[in-house]
Amino acid sequence: MPLDDSPGFRQQLELCRKWGFKFEAAGGRLRLCFDHDQLVPAWIQQETPATAWRCLNPVGFLNIGSTNTEALDQARRGVPAGTLIYAEEQTAGKGRKDRSWFSPAGSGLYLSLVVRPEQPRKTWPLLTHVASVALAETLQDLHGRKRIAIPLDVGLKWPNDVLLSGKKCAGILLEAAAGEGPHPAAVVGIGLNVRETGMPDPFAAAVTSVDRMAGTCVPRRRLLVDFLECFQRWYLVFERGRHGELLERWKSLSSMWSGAEVWISDGAGRRSGVTCGLDANGALLVRTPEGKVETLLAGDVTIRKAVEQEKRR
Ligand code: BTN
């Protein structure tokens with residue numbers, strides 16, 4: 001953009017400063033410095049091939065209450081599949097079970113994707129698996145693509161956590177937009193801790209960030225673009241009805257879906273069990289001490305040994 005001294009220009013410059021954009025001046029013009037961290041909508045769109053939607057439609061906010069709430073609103077108003085709502089900061093980021101998601105400015109990826117699946121609604125919980133597998137593969141591939149020097153130890157915890165060396169670095173919140181219509185929407189919300197932040201206690205010990213585990217500063221847009229590519233690949237597997245393939249991949253990335261001694265906490269209180277598989281829609285199967293197999297659609301599952309070790313400290 002050409003340099004000028006008008007209030008409008010200064011206002012735009014101030015907004016860019018708030019976004020953290022860096023500029024270089026040359027020949028009386030200002031140019032955005034290119035890097036792989038800035039979440040510039042046009043760059044996200046250019047760098048991400050659209051394979052599962054007609055086109056990716058990125059909509060960025062400097063700050064917002066919750067990208068999921070905004071995406072649900074936009075989905076109800078009919079935005080197309082492939083609409084991506086993201087923010088530099090969330091002031092009311094939502095987690096599962098009415099928890100909040102710590103979303104400090106410039107420190108993570110906070111995004112919500114609008115999709116309009118053609119698969120039956122009862123299979124939609126598998127969209128959480130689509131997102132978690134895609135995120136896990138994106139993090140694993142950072143080393144293979146020579147983006148970081150050390151490989152990451154990536155794992156998945158049912159139902160929606162992505163772990164690095166056993167600590168949570170990302171969560172997924174799947175919500176269905178109300179309304180039937182010919183193409184009802186689902187919103188897949190993803191929060192990924194990229195930079196190291198002062199996570200408030202009592203969660204600090206259980207969470208981590210990509211930067212901490214990678215030992216370097218990983219550019220956020222590159223992560224986002226890699227993730228969106230991978231998400232679309234697995235989304236197409238889901239839409240083509242190849243759910244078994246998706247579940248097998250999820251299982252290969254998780255160590256707790258079979259034979260793990262767990263505590264189950266849900267509406268029915270806390271009880272023990274041993275995991276014994278996933279059903280066709282990704283629900284966790286758990287054998288109770290009485291020998292009954294329960295199907296868990298939601299709820300929290302904690303490895304029992306880890307809980308006991310935790311208590312001994
Ligand atoms: C969880 O682990 O409980 C799920 C966390 C999901 C957080 C993301 S951040 C982007 C999107 N917007 C929200 O309000 N929540 C999701």
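Below, each value reflects all heavy atoms present in this structure, side chains not excepted, and no hydrogens, waters or symmetry copies. Nothing fancy with the numbering, it's 1 onward along the sequence. Numbering of ligands and ligand atoms starts at 1, following listing order.
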Region of [X] engaging ligand 1 - heavy atom pairs below 4.0 Å:
X    : result
R99  : neither
I172 : backbone
S112 : side chain

Just need the protein heavy atom nearest to [atom], so name the residue and atom and give the distance.
atom                   : answer
atom 3 (O) of ligand 1 : R96 N, 2.7 Å
atom 9 (S) of ligand 1 : Q90 NE2, 3.3 Å
atom 1 (C) of ligand 1 : N160 ND2, 3.3 Å

**Asked** How are the rings of H243 and F238 set to each other: parallel, tilted or perpendicular (split at 30° and 60°)?
**Response**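 Rings of H243 and F238: parallel, under 30°.
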
Show me which atoms of ligand 1 lie under 4.0 Å from any heavy atom of [X].
X    : result
L111 : 10 (C), 11 (C)
G95  : 1 (C), 3 (O), 4 (C), 5 (C)
T67  : 10 (C), 11 (C), 12 (N)
G191 : 7 (C), 8 (C), 9 (S)
G93  : 14 (O)

**Item:** Other residues, nucleotides, ligands: >12 heavy atoms within 6.0 Å of R212 CZ
**Value:**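 Count over threshold, so yes.
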
**Donor-acceptor pair between S265 and D300 side chains, under 3.5 angstrom** =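 No.
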
**Q90 and T67 side chains, donor-acceptor separation under 3.5 Å** = yes

Looking at side-chain heavy atoms only, is the closest gap between [X] and [Y] below 4.5 Å?
X    : Y    : answer
V218 : R147 : no
Q140 : L253 : yes
L246 : W234 : yes

**Residues R271, D266: salt bridge by 4.0 Å N-O rule** = yes

**Message:** Hydrophobic cluster membership, with links at side-chain heavy-atom distances under 4.5 Å among I/L/V/M/F/W/Y: are Y110 and V162 in one?
**Reply:** no

**Asked** Is there a heavy atom of K168 sitting under 4.0 angstrom from any atom of ligand 1?
**Response**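 Distance cut 4.0 Å: K168 passes for ligand 1.
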
**Asked** Are any of the N or O atoms of K94 closer than 3.5 Å to those of ligand 1?
**Response** yes

**Prompt:** Who gets closest to atom 5 (C) of ligand 1 by heavy atom: W101, F102, Y110, Y86?
**Reply:** W101

